[in-house]
> 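Supplied in structure tokens, the structure appears directly below.
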Amino acid sequence: MSSDSHPLPDAALLREARVEDADRLTRLFLESRAAAMPYLTRVHSDEATLGWMTHVVLPGTDVWVAEVREGGRAAEPVGFVSVDGDELEHLYLRPDMLRRGIGTLLLAKARERSPQGLGLYTFQRNSGARAFYERHGFTSVGFDDGSRNEENEPDVRYRWSPAG
């Protein structure tokens with residue numbers, strides 16, 4: 001556990017991601033997207049997504065993992081956040097871990113890592129994510145027709161700044 005780790009509700013821990021997390025974070029990413037956005041086109045295979053997580057996300061961004069011990073088993077990743085400078089690239093939770101405060105704590109870590117402000121994109125149809133970010137002080141600053149993302153899904157740009 002690094003000195004930046006924080007205890008979370010329900011015996012959860014927040015820690016920096018490691019290379020060996022790639023497989024579990026890829027599965028979490030895929031499960032979360034499938035549950036939250038079943039309409040979303042799959043543009044990459046599971047293997048390609050694992051390669052992206054291994055060679056792009058983990059080495060190229062600041063990634064933090066939320067882990068929970070369940071039923072006496074070893075701690076297991078239940079969510080992660082990825083930040084690149086002032087851009088919140090990814091925040092995903094295991095579908096059964098929603099509304100337990102874990103997303104809020106991962107977002108707090110992202111804000112801590114980028115105290116001057118954060119920007120992010122989410123899909124317009126992802127009403128759960130949009131409500132989450134708006135509850136946490138993010139403001140929509142632009143809408144796109146989907147031509148800027150691989151899924152060709154209309155998205156919305158959000159910004160958060162500490163000044164409000």
Side-chain angles (χ1 to χ4, degrees), residues 1-38 40 42-123 126-138 149-151 158 160 162:
M1 179 165 48
S2 77
S3 62
D4 283 342
S5 294
H6 301 286
L8 300 179
D10 301 324
L13 294 174
L14 198 59
R15 64 163 175 85
E16 289 183 85
R18 301 181 291 259
V19 172
E20 57 268 21
D21 292 322
D23 186 58
R24 289 187 295 179
L25 295 185
T26 299
R27 281 183 282 147
L28 193 154
F29 172 83
L30 292 169
E31 289 171 11
S32 179
R33 285 172 65 105
M37 301 172 285
L40 200 59
R42 288 277 315 263
V43 295
H44 298 287
S45 68
D46 291 0
E47 295 78 20
T49 303
L50 174 59
W52 166 77
M53 183 68 69
T54 302
H55 302 292
V56 177
V57 176
L58 288 171
T61 67
D62 189 10
V63 182
W64 288 79
V65 177
E67 290 184 326
V68 173
R69 284 190 187 355
E70 298 175 289
R73 294 185 306 229
E76 181 177 326
V78 296
F80 73 95
V81 65
S82 165
V83 177
D84 187 6
D86 67 351
E87 193 69 17
L88 195 158
E89 295 286 343
H90 308 284
L91 195 160
Y92 288 94
L93 298 177
R94 204 171 73 189
D96 64 332
M97 289 288 141
L98 299 176
R99 294 175 180 78
R100 294 186 184 197
I102 295 169
T104 298
L105 290 165
L106 286 166
L107 183 58
K109 176 55 75 175
R111 287 178 168 165
E112 176 186 309
R113 305 304 280 183
S114 301
Q116 301 305 312
L118 285 169
L120 66 91
Y121 285 96
T122 193
F123 298 116
N126 191 348
S127 58
R130 292 184 65 186
F132 172 79
Y133 292 119
E134 289 170 8
R135 270 195 317 274
H136 288 88
F138 283 77
N149 63 62
E150 293 179 309
E151 296 86 357
Y158 280 97
W160 165 82

> Under a 4.5 Å cut-off applied to non-hydrogen side-chain atoms, are Leu25 and Leu58 in contact?
yes
> Is the shortest distance from a Lys or Arg side-chain nitrogen in Asp96 or Arg100 to a carboxylate oxygen in the other one below 4.0 Å?
no
> Compare all side-chain heavy atoms of Arg42 with those of Leu30 and state whether any distance is below 4.5 angstrom.
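They are in contact (side-chain heavy atoms under 4.5 Å apart), so the answer is yes.
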> If you look at every heavy atom in Leu120 and Glu87, which pair is closest and at what distance?
CA-OE2, 3.6 Å
> Do the rings of Phe29 and Tyr92 sit parallel, tilted or perpendicular, given the 30° and 60° boundaries?
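Aromatic pair Phe29/Tyr92 classed perpendicular.
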> Give me the one residue out of Leu106, Leu93, Val68, Val65 that meets side chain to side chain contact (heavy atoms under 4.5 Å, CB included) with Val78.
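Exactly one pass, corresponding to Val68.
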> Atom CD in Glu112, atom CG in Leu105: separation rounded to 0.5 Å?
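Reported to 0.5 Å precision, the distance equals 11.0 Å.
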> Nearest 0.5 Å please: distance from the OG atom of Ser127 over to the CD atom of Glu134.
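Here the interatomic distance stands at 10.0 Å.
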> Measure across Glu151 and Phe123 and return the closest heavy-atom pair with its distance rounded to 0.1 Å.
OE1-CZ, 3.6 Å
> Rounded to the nearest 0.5 Å, what separation is found between the CG atom of Asp21 and the CZ atom of Arg15?
4.0 Å
> Can you name the nearest heavy-atom pair linking Glu89 to Thr61, along with the distance?
CG-CG2, 4.4 Å
> What's the spacing between His136 NE2 and Leu107 CG if we round to 0.5 Å?
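It comes to 6.0 Å.
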> So, Arg24 and Glu76, do they make that salt bridge, N to O below 4.0 Å?
no
> Do you know the tightest heavy-atom contact between Pro115 and Pro162?
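That would be O-CG, 3.1 Å.
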> Please name the pair of heavy atoms, one in Leu91 and one in Gly103, separated by the smallest distance, quoted to 0.1 Å.
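That closest heavy-atom pairing would be CD1-O, 3.9 Å.
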> Between His44 and Trp52, is any pair of side-chain heavy atoms under 4.5 Å apart?
no
> Quick check for you: to the nearest 0.5 Å, what is the distance between Asp46 atom CG and Met53 atom CE?
11.5 Å
> Would you call the rings of Phe80 and His90 parallel, tilted or perpendicular, where under 30° means parallel and over 60° means perpendicular?
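Because their plane-to-plane angle lies in the 30° to 60° range, the rings of Phe80 and His90 count as tilted.
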> Would a distance-only check, ignoring hydrogens and angles, find a side-chain to backbone donor-acceptor pair under 3.5 Å from Ser32 to Leu28?
no
> Taking the side chain as C-beta and beyond, is there a heavy-atom pair between Asp86 and Gln116 under 4.5 Å?
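Not in contact.
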> Taking all non-hydrogen atoms of both residues into account, name the closest pair between Leu88 and Ala110 and its distance.
CD1-CB, 4.1 Å
> Aromatic rings Phe138 and Tyr133: how do their planes relate, parallel, tilted or perpendicular, breaks at 30° and 60°?
perpendicular
> Is there side-chain contact between Arg130 and Thr122, with heavy atoms separated by less than 4.5 Å?
yes
